[in-house]
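Worksheet: the structure to be examined is printed underneath.
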Amino acid sequence: MVYTFTIQPGIYHAFEDEAEQIEQCKEWGLLSGKAVKTKAFFYKGNGLNVPCTIVGYTDKMTAVIELDNKQQHCIHPSYLKEMQAANYGQRQWSSGEADASEENESAGNVETAADEAVETSASAVQQAQPAAEPMTAPQAESISGQAAPAGPDKPAAASEAVDAPKAKAKKEKAPKLQLPEGKVKMTATVQDFTTVPNHFSDNDDEVIIYENVAIVEPETDIGTAWSSHSATLKKLELEVGDTITFEAKIVAKKLTRYPVPYKINNPAKIQKEQE
């Protein structure tokens, strides 16, 4: 299958080895500062959810990825980072028609941001080209702007950063979520069942990942969370897509190997909503 949306990088810097890839991914925030090896990345744009590999960059604000069909594509690192979230593209809306509205708006933002990045991306590629290295006619034509590709995928928030010369946008930190200290009534939808390593046992721990997690009162959206797949939960014979209500304490504790920041402790009074 050939993807028609891809933005071919043309001239770009390819990573020489995994060590260079890891170091650059740390700089982009795609890997933690303590990472010693890379991880699996996924491209979730244009209606896809496919594995991809980060193979290089055209400039420090434009990564080059290779999709599952070996096509290469330019993308803003922050946009790729957003795609790694378990709840990417699954925000709650107050009406059923809002989903379609979001898709149209997001597509428009990415397309607009891509147009704005054409000139900047072409300029950065030209600066990165060594002076002593001869260029072929197609390469020279691409750099001159006569046949320049569209700009890379970028998150909407990054469009202003492209207009600022030689400056990286400082991403504002979202306000820290204030979690209640005691048990509260909550709702959540089962997103996935998985396991994580337990260094104190020969067996991995079974866990459940939830989406659309929310505190009922005071009404607070949590997003994604996880809990142990306890014997009590197993009795409910939960499946992906099931929504449950319960009482539990929620704490800030990231799930190993997954971008899920909160843990649900000891859920009780669990009720599964009937379809």
Side-chain angles (χ1 to χ4, degrees), residues 25 29-32 35 37-54 65 67-68 79-93 96 98-99 102-103 106 174 177 179 184-216 220-275:
C25 286
L30 292 167
L31 291 175
S32 70
K37 61 181 180 179
T38 190
K39 67 177 184 180
F41 292 96
F42 292 86
Y43 179 85
K44 300 180 182 179
N46 294 283
L48 298 176
N49 185 353
V50 296
C52 65
T53 304
I54 305 172
I65 61 174
L67 302 172
D68 59 335
Y79 191 35
L80 182 62
K81 182 177 180 180
E82 292 175 8
M83 290 181 178
Q84 307 315 303
N87 63 338
Y88 179 81
Q90 297 179 353
R91 298 175 182 173
Q92 288 180 304
W93 292 89
D99 288 334
E102 181 192 36
E103 291 176 3
S106 297
L177 189 63
L179 300 175
V184 289
K185 187 173 183 179
M186 306 177 66
T187 62
T189 301
V190 177
Q191 177 179 317
D192 196 10
F193 298 92
T194 188
T195 60
V196 294
N198 184 338
H199 300 297
F200 301 99
S201 172
D202 293 333
N203 299 319
D204 291 345
D205 290 338
E206 297 181 52
V207 299
I208 303 177
I209 299 177
Y210 305 92
E211 61 184 346
N212 302 329
V213 181
I215 298 173
V216 175
T220 307
D221 288 333
I222 302 298
T224 57
W226 66 281
S227 75
S228 298
H229 196 179
S230 64
T232 301
L233 287 167
K234 288 180 179 179
K235 290 179 181 179
L236 296 174
E237 298 181 349
L238 296 175
E239 297 179 356
V240 173
D242 285 345
T243 297
I244 59 174
T245 59
F246 53 90
E247 291 183 5
K249 182 176 180 180
I250 184 164
V251 296
K253 184 175 181 180
K254 185 177 180 298
L255 178 60
T256 304
R257 296 181 179 176
Y258 293 87
V260 184
Y262 303 107
K263 181 184 179 184
I264 297 169
N265 281 337
N266 303 319
K269 300 181 181 179
I270 308 168
Q271 293 184 341
K272 182 168 66 172
E273 292 187 5
Q274 300 298 323
E275 296 183 357

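All values reported here derive from a predicted model rather than from experimental measurement.
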Mind running side-chain contact (heavy atoms from CB on, under 4.5 Å) on Leu30 and Phe41 for me, showing each step along the way?
-> CA-CA 9 Å; Leu30 292 167; Phe41 292 96; 3.9 Å; yes
Short N-O contact, Lys234 and Glu206, less than 4.0 angstrom = yes
Check ion pair Glu247-Lys269 (N to O, under 4.0 angstrom) = yes
Any side-chain heavy-atom pair from [X] and [Y] closer than 4.5 angstrom?
X      : Y      : value
Val196 : Asp204 : no
Leu67  : Ile65  : yes
Ile250 : Ile222 : yes
His229 : Phe193 : yes

Looking only at heavy atoms, what is the nearest atom pair of [X] and [Y], with distance?
X      : Y      : answer
Gln84  : Ala40  : OE1-O, 4.2 Å
Val240 : Asp192 : CG2-CA, 4.3 Å
Met186 : Ala248 : SD-O, 4.3 Å
Glu211 : Gln191 : CB-OE1, 3.2 Å
Glu237 : Asp242 : O-OD2, 4.3 Å

Is a side-chain donor-acceptor pair under 3.5 Å present for Thr189 with Thr243?
-> yes
Of all residues at least two apart in sequence or in a different chain, which pass the ring pair (Phe, Tyr, Trp, His ring centres under 6.0 Å) check with Phe42?
-> none
Enter the distance from [X]:[atom1] to [Y]:[atom2] here, rounded to the nearest 0.5 Å.
X      : Y      : atom1 : atom2 : answer
Leu238 : Leu236 : CG    : CG    : 5.0 Å
Tyr79  : Tyr88  : OH    : OH    : 3.5 Å
Lys253 : Ile264 : NZ    : CD1   : 13.5 Å
Leu31  : Lys81  : CG    : NZ    : 10.0 Å
Leu80  : Cys25  : CG    : SG    : 8.0 Å

Take atom NZ of Lys249 as the centre, draw a 6.0 Å sphere, and report whether it contains more than 12 heavy atoms from other residues, nucleotides or ligands.
-> no
Only one of Leu233, Val213, Val207, Ile209 forms a side chain to side chain contact (heavy atoms under 4.5 Å, CB included) with Ser227, so which one is it?
-> Leu233
Pairs under 3.5 angstrom only: tabulate donor-acceptor contacts from the side chains of residues 254-261 to other protein residues two or more places apart or in another chain.
residue, atom, partner, partner atom, Å
Lys254, NZ, Tyr258, O, 2.8
Tyr258, OH, Thr194, OG1, 2.8

Evaluate the criterion side-chain contact (heavy atoms from CB on, under 4.5 Å) for residue pair Trp226 and Ile208; output intermediate values, then yes/no.
-> CA-CA 6 Å; Trp226 66 281; Ile208 303 177; over 6 Å; no
side-chain contact (heavy atoms from CB on, under 4.5 Å) between Thr187 and Asn212, worked out | CA-CA 8 Å; Thr187 62; Asn212 302 329; over 6 Å; no
Take Thr224 and Tyr262 through the side-chain contact (heavy atoms from CB on, under 4.5 Å) test and state the conclusion after the steps.
-> CA-CA 7 Å; Thr224 57; Tyr262 303 107; 5.9 Å; no
